Amino acid sequence: MSRIKNLEDYAVDYRKSVTDPEGFWAAQAERFVWRKHWDEVLEYDFEDYNVSWFKGGQLNITENCLDRHLLHRAEKTAIHWVANDPREEDRIFTYRELHEQVCKFANVLKSKGVRKGDRVCLYMPMIPELAIAVLACARVGAIHSVIFGGFSAQALADRVKDAGAKVLLTANFGPRGNKVIPLKSIADEALEKCPGVVETVIVYERTKDHTSWTAGRDVWWHEELEQVDANCKVEIMESEDPLFILYTSGSTGKPKGVLHTTGGYMVYTAYTFKNVFQYEENDVYWCTADIGWITGHSYIVYGPLLEGATSVMFEGIPTYPDAGRFWRIVDRLKVNIFYTAPTAIRALMAQGLEYVELYRLESLKVLGTVGEPINREAWEWYHLHIGKGRCPIVDTWWQTETGGIMISPIAGVLPTKPTYATLPLPGIQPVLVDQEGKEIKGKGVEGNLCIKFPWPSMIRTTWGDHERCKNTYFSTFKGYYFTGDGCRRDEDGYYRILGRVDDVINVSGHRLGTAEVENAINMYTGVIESAVVGYPHDIKGQGIYAYVVCDSSKLEVSTITELKAEIMATVVEKIGKIARPDKVQIVRGLPKTRSGKIMRRILRKIAEGQVENFGDISTLLDPSIVESIKEGAQKVE
Ligand code: WTA
């Protein structure tokens, strides 16, 4: 099926996708290599929550990402990697070379006893081997679980244990900006915290520095590769066999392992990649995300490779060695499609135009954003200074759980509007519901964003806990998948995402549960309890504000400055730097109702700098607490 090229195509496809979803998605799926055709396109039940797409179909996703392209695109660049250090040489992999590397590493995995259904955790820097290893897992039918390199040893241990991973893939070090993350020693520490799970650690030698070693468990990546050949048949998978687990945060303290399966995820990521970005055969596409997040899975690894695209993969950060790094790479590699996060745009905006004006940016055709709401100023700056007013911006709304882009402009096809994700893609049926779960129809309305019909790449379960999946997504509003986001549908029928309505905060596009951060804070000895809220932050979108109640004996021996520093360090240790609170306020108590519920609404207002209009506070157990928190907030830096 061809791409959507104009508004009429969009209208036709959208209508078809709603009136005949099975026919619509079957036509999309026909483009791929299936070892056995499916029997049933869709079966689902939103009550007990079960869904299957292309049941009975058999395939291997890597055959579609790699082998399928060997006939016509063997010498085309699949991945063009750029190192953190601008003096280090690029590494380029054609489809033929990528195929070969994936086959070899798949054989390494097999030699370590990895079989279909086994879990493999990856804790790696943004190097080609990460993409290669992800694909190698899929080739042998193992379930990959990538853990972002910014997570701490404890966070890594929690995830490795939850997944029950047999093998851990890592690198000795991970260069990022002017820092180097000691991935291997963090991994060592993590494995000490969950003994008896991982049997083998395969270590990529990213730098020549000294690497700690556990004989009998650790092996070098390059040495293992020398012992295998380059032929590796694909493992034949059922369409609904698991492809990967990716942990994300929710309202409770424990991160959940979102599970995606094979056939539907493949069809949907390819379809959305091709249409949203309007990828054309010779385009150079660059998504700046990390493969540790869903954006990297769907739009660095799977979507682009399924479409035979040429992708840039970047190890570094936007501001190293200076704030012109992105634009230098865009000019040098003639990038046509550029996909990044609002946080990065805001950070670069703050550095000034001199870093942009040095570059031509002529190759750019399409710009994209993802991960958090984009404010108007950032949208306009991106549009004017990067896109030179010429490139459509696709503000793509989606989630780890949705697997692929859900609400978004189709580049150059749907007229855009700053801060609006615009309209649903074909196959996606969004609805807004009120607190009672009643659909709010019409235009110019706001409500809880839900999706009322299945789409191929939706979450299948949360690893090891199907009840949790059902309760989180399908119980709040009966008959719908609940996203956790608030949303406005304006007079044009356009959707604007307003942000989370649950206890999740979005810091620099990273999702964090307030309960998760509170749990970490509470682990610091001397903390009695805490409450964490988000507040507007110029660069990060949201910052983390923690209200902490300490033991009086602790307050006697430590200064407030010391306490704050130690509380922050505890969070870094338990979760990672991404979760470090921006502000910590030591308080004598939290505003609680008589039934013991923390009134977060009040805490949010204070964190935002509002000191009036708290609404009804008469149900508070001790209303004087609010005054004292307000006063204390003045002094928080
Ligand atoms: C938010 C990232 C506004 C939203 C792909 C969602 C957005 C959460 C947008 C998912 C956008 C993502 N505009 N908000 N374009 N994209 N979000 O799982 O709150 O890391 O629920 O997936 O990010 O974050 P996640």
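Being a predicted model, the structure only gives us computed values, none of them experimental. Remember, it's 1-based here, ligands and their atoms both numbered in the order they're listed.
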Minimum-distance protein heavy atom relative to [atom]:
atom	answer
atom 3 (C) of ligand 1	Pro373 N, 3.2 Å
atom 24 (O) of ligand 1	Arg511 CD, 3.2 Å
atom 10 (C) of ligand 1	Trp398 O, 3.6 Å
atom 1 (C) of ligand 1	Gly371 O, 3.4 Å

Notebook entry, point to check: Counting heavy atoms only, which of Arg500, Glu401, Glu372 comes nearest to atom 8 (C) of ligand 1?
Noted result: Arg500
Note to self: Going by the closest heavy atom to atom 21 (O) of ligand 1, which one wins out of Leu512, Ile407, Asp485?
What the structure shows: Asp485
Could you see which bit of [X] sits under 4.0 Å from ligand 1, with heavy atoms only: side chain, backbone, both or neither?
X	result
Gln399	both
Ile294	side chain
Asn506	side chain
Thr400	both

Pair [X] + [Y], salt bridge at N-O below 4.0 Å:
X	Y	value
Lys470	Glu467	yes
Arg3	Glu307	no
Arg488	Glu446	yes

Notebook entry, point to check: Going by distance only, is there an N or O of Thr248 that falls short of 3.5 Å from an N or O of ligand 1?
Noted result: no
Notebook entry, point to check: Would a 4.5 Å heavy-atom cut-off, applied to side chains only, mark Asp158 and Tyr247 as touching?
Noted result: no
Notebook entry, point to check: Can we call the ring centroids of Trp455 and Tyr44 under 6.0 Å apart?
Noted result: no
Next item on the list: Measure centre to centre between the rings of Tyr302 and Tyr265, then say whether the value is under 6.0 Å.
Entry: yes
Item checked: Criterion side chain to side chain contact (heavy atoms under 4.5 Å, CB included) on Glu439 and Tyr480, from CA distance to verdict -> CA-CA 10 Å; Glu439 187 173 339; Tyr480 300 119; 3.7 Å; yes
Item checked: Worked check of side chain to side chain contact (heavy atoms under 4.5 Å, CB included) between His144 and His297 -> CA-CA 11 Å; His144 55 78; His297 281 62; 3.7 Å; yes
Check: With a 4.0 Å cut-off on heavy atoms, does Trp293 reach ligand 1?
Finding: no
Check: If you measure from each heavy atom of Gly484 to ligand 1, is any distance below 4.0 Å?
Finding: no
Identify, by atom number and element, the atoms of ligand 1 in contact range of [X], meaning under 4.0 Å from any of its heavy atoms.
X	result
Asp395	11 (C), 13 (N), 15 (N)
Thr396	9 (C), 11 (C), 15 (N), 16 (N)
Val370	5 (C)

Checklist line | Result of checking Tyr339, Tyr299, Trp81, Phe314 against Trp286 for ring pair (Phe, Tyr, Trp, His ring centres under 6.0 Å) | finding: Phe314
Margin query: For a quick check under 3.5 Å, do Ser52 and Glu240 share a side-chain donor-acceptor pair by atom type?
Written below: no
